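Predicted model, so just to flag it, every value in this text is computed and none were measured. Read the numbers this way: they start at 1 and go in the same order the structure lists the ligands and their atoms.
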Amino acid sequence: MKVPDYIAKLKAYVPGKPIEELEREYGISGCVKLASNENPIGPSPKAVEAIKEALKDLHRYPDGYNYLLRQRLGEKLQVSSSKIVFGNGSNEIIELLARTFLQEGDEVIMPSPSFLMYEIMVQAAGARPVKVSLKDLAVDLGKMAECVSGDTRMVFVNNPNNPTGTIVSRDAFEAFLDRISSDVIVVMDEAYIEFVRDEICPRGLDYLDSEKAVVTLRTFSKAYGLAGLRIGYGVMKKDIADYINRVRQPFNTNMLAQVGALAALNDDAFFERTIRLVHEELDFLYEQASKMGLRYFPTQANFFLIDLEQDANEVFERLLSRGVIVRAMTAYGYPNYIRVNVGLPEENQRFVEALKEVL
Ligand SMILES: *Cc1c(COP(=O)(O)O)cnc(C)c1O
């Protein structure tokens with residue numbers, strides 16, 4: 001068997017531990033997972049209803065054009081619906097961008113630490129990830145612009161950045177765009193944009209009609225509560241979308257995902273409840289961390305980092321044995337930090353109690 005060198009060198013993504021697995025391993029129940037930035041409330045009840053209704057059509061192929069969701073989303077975002085590409089999670093859009101536009105020898109600039117999928121997808125396409133360190137936990141756009149070379153085809157900006165929760169400012173983003181050629185695709189991954197409270201935060205969509213090639217990625221996995229369904233999308237210039245549509249599988253978003261996402265998109269009450277809960281509970285968690293004398297980093301997302309000033313893997317293991325799953329940031333280069341996402345009030349309380357015991 002022959003495998004390309006760049007595939008042989010790949011390291012698989014390690015997802016957050018599923019609750020069921022932890023409960024099996026430790027023989028415990030009622031575990032709390034604050035590790036994958038999921039919506040703590042659950043799925044939108046309207047999405048669940050719509051999915052039940054659609055079950056009777058499962059013998060049919062889905063609509064490869066995703067017409068209904070496409071129309072509604074285009075209307076809501078005020079963009080031409082032909083500029084939207086749906087994916088099996090926004091993860092698939094990252095993969096499609098890499099497969100469509102990259103080849104061996106190409107370079108892609110990305111922040112580090114950031115979402116690990118950028119590196120994996122770029123490397124899997126045979127291209128070279130160029131990782132630019134964060135500055136004070138934030139994406140360093142100035143440094144990233146400096147790293148652009150003749151081989152650069154794409155730049156990833158994760159805004160807010162996972163795992164640090166920081167944003168770039170509109171001014172910094174515009175100064176960055178000024179320095180980037182319109183031949184380079186700038187991917188704004190906005191998986192957490194709905195949680196942002198800081199008004200200086202730019203939106204990728206505002207640059208869709210600029211001369212620059214800005215692609216905005218959004219997802220139904222976080223604020224819309226549908227991580228298990230797998231649906232997200234990218235908004236981009238029509239010529240970029242046209243190339244991706246040649247590469248993507250015709251039925252890459254499944255029927256239930258299409259129907260569920262449309263219902264969730266129309267469920268304003270659920271969306272607003274989610275955002276309110278995340279903000280209120282984030283403030284609660286900040287307060288608790290302060291009371292415990294822990295250094296934490298304020299966030300614009302639904303998760304944040306805490307500096308434990310000791311080995312985060314050990315604390316992670318001890319929290320696990322108490323039925324609380326968080327993320328140790330060792331693999332992201334922060335051996336003393338954990339990332340915690342906001343849960344329900346009782347889950348956050350439980351995390352705080354467990355952390356107190358463990359420390
Ligand atoms: C969660 C997340 C996504 C969304 O992934 P899906 O495939 O849509 O579930 C994208 N980017 C980042 C940075 C994320 O954290």
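With ligand atoms numbered from 1 in the order given, ligand 1 contributes 2 (C), 3 (C), 10 (C), 11 (N), 12 (C), 14 (C) to contacts under 4.0 Å with heavy atoms of A191. Close contacts between ligand 1 and D189 involve ligand atoms 10 (C), 11 (N), 12 (C), 13 (C) [criterion: under 4.0 Å to a heavy atom]. Taking every non-hydrogen atom of K222 and a distance limit under 4.0 Å, the qualifying atoms of ligand 1 come out as 1 (C), 2 (C), 3 (C), 4 (C), 14 (C), 15 (O). Every atom of ligand 1 is numbered from 1 in the order shown, and the set under 4.0 Å from a heavy atom of N158 is 13 (C). Within ligand 1, counting atoms from 1 as listed, the ones closer than 4.0 Å to a heavy atom of R230 are 6 (P), 7 (O), 9 (O). If you number the atoms of ligand 1 from 1 as listed, the ones under 4.0 Å from a heavy atom of G89 come out as 6 (P), 7 (O), 8 (O). Atoms of ligand 1 lying under 4.0 Å from at least one heavy atom of S221, given by number and element, are 6 (P), 8 (O), 9 (O).
Every heavy atom of F220 sits 4.0 Å or more from the atoms of ligand 1. Within the 4.0 Å heavy-atom shell around ligand 1 one does not find G232.
Here the protein heavy atom with the shortest distance to atom 15 (O) of ligand 1 is Y192 OH, 2.6 Å.
Looking only at atom types and distance, the side chain of D189 has a donor-acceptor partner in the side chain of Y118 under 3.5 Å away. In summary, the side chains of Q258 and Y67 do not present any donor paired with an acceptor at a separation below 3.5 Å, with no hydrogens or angles considered. For the 3.5 Å distance criterion, the side chains of E92 and N252 qualify, holding a donor opposite an acceptor.
A centroid separation of 6.0 Å or more is found between the aromatic rings of F270 and Y224.
Considering backbone and side-chain N/O atoms, S90 comes within less than 3.5 Å of an N/O atom of ligand 1. Ligand 1 has an N or O atom lying under 3.5 Å from an N or O atom of N91, backbone or side chain.
When each of I185, V186, V214 is tested with I180 by the rule side-chain contact (heavy atoms from CB on, under 4.5 Å), just one qualifies, namely V186.
K33 places no side-chain N or O within donor-acceptor distance of the main-chain N or O of V324, the cut-off being under 3.5 Å.
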>> Let's go through L282 and N302 carefully: what are the C-alpha distance in whole Å and the side-chain angles of both, what is the deciding distance for side-chain contact (heavy atoms from CB on, under 4.5 Å) to 0.1 Å, and is it a yes or a no?
In response: CA-CA 8 Å; L282 200 50; N302 63 341; over 6 Å; no
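Between T152 and D106 there is no side-chain heavy-atom pair separated by less than 4.5 Å.
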